[in-house]
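Working notes, beginning with the structure itself.
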Amino acid sequence: MRPAPTILHLDMDAFYASAEQAAKPSLRGKAVVVGGLGPRGVVATASYEARRLGVHSAMPTAQARRLAPNAAYLVPRFSLYRTVSDQVMELLGRLSPLVEPLSLDEAFVDLEAGGTADDSASARATGEGLRAAIRAVTGLSGSVGLAGSKMLAKIASEEAKPDGLLLIEPGTERELLAPMSVRILPGVGPATGDHLRRAGMTTVHDLAEAGEAELVRLVGKAHGHGLHRMALGLDDRPVVAERDAKSVSVEDTFDVDLHDRVRVRAEVERLAVRCVERLRAADRSGRTVVLKVRRYDFSTLTRSETLRGPTDDPMVVREAVARLLESVDTTGGVRLLGVGVTGLADYTQEDLFAQAADARELAQRDREHHAPAAEEPVPEPEADSAEQLAARRWPAGHDVHHEEHGHGWVQGSGIGRVTVRFEEPWSAPGRVLTFRIDDPLLRPADPLPLVRESPDYSSWPASLPKSRSSGAAASEGGESSP
């Protein structure tokens with residue numbers, strides 16, 4: 001534990017949904033749900049207006065529609081979210097060299113390491129300055145927690161939501177935590193929470209009073225020891241600037257079970273290409289290829305193949321997962337497919353051509369062994385319906401441009417038509433028009449920035465009040481603070 005609240009935790013407020021509201025003036029103040037829109041879709045993020053109706057993350061979209069039938073249901077636009085996330089992370093990087101991203105919208109920052117805070121006053125000023133900078137640059141709000149440890153900083157940001165800041169003064173940790181539910185502590189999920197409740201422990205105070213020995217008896221040595229320390233407000237974990245990923249993977253859940261073997265293989269190969277794209281974007285390679293198949297009865301199978309060396313060759317990965325698929329029975333139907341690469345490295349096997357050739361040779365032998373008779377026709381993949389094709393080309397919420405009407409976004413599509421609302425982040429709510437899905441004047445477009453003219457924050461955070469240590473260093477060097 002630190003003697004000053006110099007660990008900052010930032011959590012953007014309802015990030016995906018808030019970004020969509022900022023981009024679409026007609027949705028501001030209204031319930032917005034972002035996630036998969038098919039029968040098996042899941043909510044990724046809900047706006048605070050939708051949360052008041054009972055919608056929350058990880059809820060099936062079908063259930064969300066029953067709770068909030070009039071909400072706007074949108075397909076995620078990850079290109080926009082990554083752009084905004086990069087803007088936020090750049091601001092965090094100006095505060096300290098030690099920034100630990102947890103996701104696109106969440107990160108820890110060690111303010112002490114950056115010399116931007118060394119006491120409560122400078123930490124609070126930095127936190128408030130960060131919130132103002134994020135709103136100016138992105139148009140969105142974020143909640144900030146400040147404390148002497150990562151655990152407490154994260155709890156503080158949760159308590160500050162939405163659009164707030166909470167600083168936990170060192171020495172007040174136990175008093176603050178005592179009345180809170182045990183579920184507030186990291187690692188205490190529904191199962192552990194129920195187990196503790198049955199033992200008569202519902203608050204953090206109960207855990208602290210129970211003692212380490214009793215918690216070890218209830219939940220095991222490793223978890224019990226850590227749980228008791230957290231109940232006392234103790235957490236010595238440092239902010240780590242880089243967290244090594246252990247794997248890269250992609251997966252898709254299908255609205256309707258796939259029964260066509262040719263279609264299943266095509267989807268697997270498409271996922272393999274997407275997986276390699278992510279791998280290359282991270283400047284990594286991997287040695288073990290993993291295939292995940294969830295069947296019609298919810299049983300999940302995984303198969304893996306370890307290559308001779310790390311690779312980022314899409315052909316090698318694609319052919320590996322195709323071989324893995326041959327060992328999986330998909331006749332009953334497939335609801336989810338996933339492809340991943342583990343055993344990551346930051347280099348590739350030099351002899352990739354030989355490796356790819358070996359893979360192709362194995363695949364060719366397999367095809368020859370399983371080749372159908374000459375008179376046996378090879379089945380064609382199941383064709384998508386016109387509605388499925390329209391939904392794929394014109395996803396709800398995604399950007400479009402019309403040669404006559406300008407920039408807009410898709411409100412919905414069906415029966416050969418696509419409905420578009422024409423508006424921009426800085427405009428008034430726009431009008432709605434409907435077009436044929438093959439209208440030659442309508443095309444997909446890239447997202448617009450959320451702020452029309454982003455202010456210049458190149459000198460930020462120099463304008464913030466200096467911490468005592470940085471001020472002392474400047475005085476000793478004979479320079480005045482700017």
Sub-3.5 Å donor-acceptor pair from the side chain of E267 to the main-chain atoms of R265, do we have one?
no
Do T83 and D86 meet the criterion of a side-chain donor-acceptor pair at a distance under 3.5 Å?
no
Is the shortest side-chain heavy-atom distance between P449 and P425 below 4.5 Å?
no
Can a donor-acceptor pair be found between the side chains of S299 and D297 at a distance below 3.5 Å?
yes
Mark yes or no for whether K292, through its side chain, and G340, through its backbone, hold a donor-acceptor pair below 3.5 Å.
no
Can a side-chain donor-acceptor contact be found between R294 and T300 if the only test is distance below 3.5 angstrom?
yes
Check whether any side-chain heavy atom of V109 lies under 4.5 Å from a side-chain heavy atom of L130, and answer yes or no.
no
Do NZ/NE/NH1/NH2 and the carboxylate oxygens of D11 and K154 come within less than 4.0 Å?
no
Output yes when a side-chain donor or acceptor of T138 lies under 3.5 Å from a complementary backbone atom of V84, and no otherwise.
no
Salt bridge present between R77 and E20 (N-O < 4.0 angstrom):
yes
With the side chain counted from C-beta on, respond yes when E106 and M12 share a heavy-atom pair under 4.5 Å apart, and no when they do not.
no
So, do R261 and T330 sit near enough that their side-chain heavy atoms are less than 4.5 Å apart?
yes
Scanning both residues in full, the closest heavy-atom pair of V341 with G286 reads CG1-CA, 3.3 Å
R131 vs S141 side-chain heavy atoms within contact, under 4.5 Å
no
Rounded distance (nearest 0.5 Å) linking atom CG of D252 with atom CG of L337:
8.0 Å
Yes or no on side chain to side chain contact (heavy atoms under 4.5 Å, CB included) for V88 and L140, after CA distance, side-chain angles and deciding distance?
CA-CA 10 Å; V88 172; L140 304 181; over 6 Å; no
Heavy atoms of other groups near Q63 CD, more than 12 under 6.0 Å:
yes
Backbone of L104 reached by a side-chain donor or acceptor of R82 within 3.5 Å:
no
Tell me which one of L98, L102, L10 satisfies side chain to side chain contact (heavy atoms under 4.5 Å, CB included) with F108.
L102
Validate the cation-pi geometry between R335 and F298: distance from NZ or CZ to the six-membered ring centre under 6.0 Å, angle to the ring axis within 45°.
yes
Heavy-atom nearest pair, P25 first then P429, reads CB-N, 4.0 Å
Would you say H402's side chain and R443's backbone share a donor-acceptor pair under 3.5 angstrom?
no
Shortest non-hydrogen contact from L165 to A160?
N-CB, 3.7 Å
Could you tell me the separation between the CG atom of L442 and the CZ atom of R393, rounded to the nearest 0.5 Å?
7.5 Å
Can you tell me if S143 uses its side chain to pair, donor with acceptor, with the backbone of D163 under 3.5 Å?
yes
Check whether any side-chain N or O of R174 sits under 3.5 Å from a backbone N or O of G233 as a donor-acceptor pair, and report yes or no.
no
Quick one about D13 and S18 (side-chain donor to acceptor, distance below 3.5 Å, no hydrogens or angles considered), yes or no?
no
For E453, I'd like to know if atom CD has over 12 heavy atoms of other residues, nucleotides or ligands within 6.0 Å.
no
Which distance, rounded to the nearest 0.5 Å, do you find between the NE2 of H9 and the CD of E100?
9.0 Å
Rounded to the nearest 0.5 Å, how far does CG of L167 lie from CZ of R124?
5.0 Å
Are any of the side-chain heavy atoms of W394 and V420 separated by less than 4.5 Å?
no
Rounded distance [0.5 Å steps], OG1 in T202 versus CG in D194:
12.0 Å
Pairwise side-chain contact, P461 with L95, heavy-atom cut-off 4.5 Å (strictly under):
yes
Is the NZ or CZ atom of R94 both under 6.0 Å from the centre of the six-membered ring of Y457 and within 45° of that ring's axis?
no
Please check: side-chain N/O of T61 versus main-chain N/O of G41, any donor-acceptor pairing under 3.5 Å?
yes
Using only atom types and a distance under 3.5 Å, with no angle test, would you say the side chain of S85 pairs donor to acceptor with the backbone of Y81?
no
Can you tell me if R65 has over 12 outside heavy atoms packed within less than 6.0 Å of its CZ?
yes
Would you say that E169 contacts S120 through its side chain, given a criterion of any heavy-atom pair below 4.5 Å between the two side chains?
yes
Could you give me the CA-CA distance, side-chain angles and deciding distance for L27 and L74, then say whether side chain to side chain contact (heavy atoms under 4.5 Å, CB included) is met?
CA-CA 11 Å; L27 296 184; L74 308 176; 3.9 Å; yes
Taking all non-hydrogen atoms of both residues, which atom of L185 and which atom of L227 are closest, and how far apart?
CD1-CD1, 4.1 Å
For the student: nearest non-hydrogen atoms of V99 and S96, plus distance
CG2-O, 3.5 Å
Flag the pair E277 and R274 as a salt bridge only when some basic side-chain nitrogen lies within less than 4.0 angstrom of an acidic carboxylate oxygen.
no
Show the nearest heavy-atom pair for residues T116 and T126, with the distance to one decimal.
O-OG1, 3.1 Å
Quick check: does any side chain N or O of R28 sit under 3.5 Å from a backbone N or O of A22, one acting as donor and the other as acceptor?
yes
What's the verdict on side chain to side chain contact (heavy atoms under 4.5 Å, CB included) for M230 and D235, showing C-alpha distance, side-chain angles and the deciding distance?
CA-CA 6 Å; M230 288 189 293; D235 177 20; 5.7 Å; no
Polar contact flag, side-chain donor to acceptor under 3.5 angstrom, T45-S57:
no
Please round to the nearest 0.5 Å and tell me the distance separating atom CD of E269 and atom CZ of R318.
6.0 Å
